[in-house]
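I have placed the structure first, in the form of structure tokens, so that the comments after it can refer back to it.
Because the structure is predicted, anything quoted here is derived from the model rather than measured. All ligand and atom numbering here is 1-based and tracks the order in the structure.
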Amino acid sequence: MIVELEKVSLKRDGNWILQDLDWKIEKGQNWVLFGLNGSGKTSLLSLLNAYTFPTTGNMCVLGMEFGKTYLAEKLRIQIGFVSSSLQQKFDLGDNAFEVVLSGAFASIGLYETPTDKMRTRAAQLLHDLGCFAYANRRYETLSLGEKQRVLIARALMADPPLLILDEPANGLDFLARESLLESIERISKKPDAPTIIYVTHHIEEILPTFDQTLLLKDGKVFASGSTTDMISSERLSEFFGIPVNVMWNQNRPLLSRVFATNK
Ligand SMILES: Nc1ncnc2c1ncn2[C@@H]1O[C@H](COP(=O)(O)OP(=O)(O)OP(=O)(O)O)[C@@H](O)[C@H]1O
């Protein structure tokens with residue numbers, strides 16, 4: 001089991017931010033964590049990364065049980081985490097290749113000498129993510145979409161069993177988004193691919209590889225299960241509280257609002 005949450009709740013400043021979450025992620029599954037603004041996605045990710053601990057409930061990530069051992073560092077090194085809050089942290093003058101290499105040391109900046117094996121791996125990842133062409137460019141000169149690819153490659157350097165992509169397509173135009181999504185779909189199909197959790201509030205970003213979805217609403221699991229069950233007109237109309245229509249086209253969902261028509 002990659003992730004196991006049992007009745008997990010989180011209280012902050014007297015408010016319950018997350019309540020009674022049950023979530024099981026098995027090896028080989030890829031999940032979408034879908035929730036609107038303020039639904040608790042960031043708080044849930046902080047729990048998974050052991051930046052916060054549940055107020056009540058039981059939690060186990062990558063076989064490490066929360067509260068039983070001191071696990072924060074040990075756990076984080078095994079989770080590839082890509083979030084837009086990380087973007088600026090790498091504006092240190094390093095080129096894209098060096099930023100990817102730094103993932104082998106879990107450091108921000110490259111302070112240790114990488115081995116030849118690490119260099120080969122970094123070059124391969126730059127290829128896989130479609131960013132080999134700008135391997136020698138300074139990271140801070142890259143576009144948002146290019147930076148995201150480099151950060152995903154960096155996260156994969158340590159061969160993490162779990163990769164969390166926190167709204168990776170935010171701020172990207174249609175083409176940049178589609179090309180990033182194509183790279184994510186590709187890496188998810190590799191034989192040594194990690195389990196991926198893709199966090200988003202955009203239905204149209206859900207790729208076929210994400211066969212499981214958890215719908216988070218007001219800090220609670222609204223529903224979870226197979227993506228085709230979760231991302232349906234009926235389910236999402238209930239989730240949003242307004243009538244919506246989901247149309248599947250080439251294994252990708254499209255969401256639109258349904259307006260009442262006057263007869
Ligand atoms: N330290 C805190 N004290 C009180 N309330 C908090 C605290 N941290 C978060 N919250 C509240 O908990 C709720 C969930 O916040 P969270 O940031 O996890 O949501 P989110 O789904 O990531 O939202 P977004 O998509 O807008 O980033 C919000 O209503 C937020 O205001």
Side-chain angles (χ1 to χ4, degrees), residues 3-25 30-61 66-67 72 75-76 79-89 144-145 147-148 151-152 155 162-173 176-177 180-181 184 195-207 210 212-225 227 230-231 235-242 244 246 253-255 257:
V3 170
E4 205 166 358
L5 268 66
E6 223 181 70
K7 298 257 164 289
V8 162
S9 299
L10 179 70
K11 199 178 194 177
R12 280 277 171 276
D13 299 333
N15 300 313
W16 288 102
I17 294 175
L18 299 172
Q19 280 184 68
D20 282 337
L21 302 190
D22 288 324
W23 194 10
K24 280 196 175 90
I25 300 184
N30 290 316
W31 279 77
V32 164
L33 170 58
F34 181 83
L36 300 179
N37 295 126
S39 58
K41 300 183 298 295
T42 309
S43 310
L44 178 51
L45 295 186
S46 297
L47 281 175
L48 293 179
N49 281 304
Y51 286 112
T52 37
F53 279 72
T55 313
T56 57
N58 299 317
M59 229 183 123
C60 194
V61 179
F66 283 47
L75 179 62
R76 266 177 239 145
I79 300 179
F81 185 58
V82 179
S83 129
S84 47
S85 61
L86 278 179
Q87 289 252 353
Q88 271 81 44
K89 290 195 180 167
L144 208 60
K147 282 184 177 174
Q148 282 298 60
L151 291 185
I152 296 174
L162 176 61
L163 175 67
I164 300 177
L165 302 174
D166 183 11
E167 304 184 6
N170 266 10
L172 303 190
D173 65 42
R177 181 192 81 185
L180 177 75
L181 292 177
I184 293 171
T195 293
I196 308 177
I197 301 177
Y198 187 96
V199 184
T200 187
H201 49 242
H202 295 297
I203 295 286
E204 59 278 13
E205 289 174 16
I206 300 177
L207 295 165
F210 296 102
Q212 302 290 315
T213 294
L214 184 141
L215 302 176
L216 191 67
K217 186 176 182 181
D218 301 331
K220 295 181 190 139
V221 176
F222 180 79
S224 74
T227 297
M230 295 301 113
I231 309 300
R235 178 92 61 183
L236 289 184
S237 295
E238 212 185 308
F239 178 81
F240 288 121
I242 58 165
V244 294
V246 177
L254 283 169
L255 181 71
R257 190 169 170 186

From L5 atom CG to I25 atom CD1, the distance as rounded to the nearest 0.5 Å:
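Answer rounded to 0.5 Å: 8.5 Å.
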
Hey, what do you get for CG (L180) to CD (E205), rounding to the nearest 0.5 Å?
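Between L180 CG and E205 CD, I get 8.5 Å after rounding to 0.5 Å.
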
Between [X] and [Y] (side chain of the first, backbone of the second, donor and acceptor by atom type, cut-off under 3.5 Å), is there such a pair?
X    : Y    : answer
K217 : F239 : yes
D166 : V82  : no
T213 : M230 : no

Heavy-atom cut-off of under 4.0 Å around ligand 1: list whichever protein residues fall inside it, by chain and number.
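Under the 4.0 Å cut-off, ligand 1 touches R12, D13, I17, L36, N37, G38, S39, G40, K41, T42, S43, E167.
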
Using the ring of each side chain (for Trp, its six-membered ring), is W23 parallel, tilted or perpendicular to W31, with breaks at 30° and 60°?
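Geometry flag for W31 against W23: perpendicular rings.
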
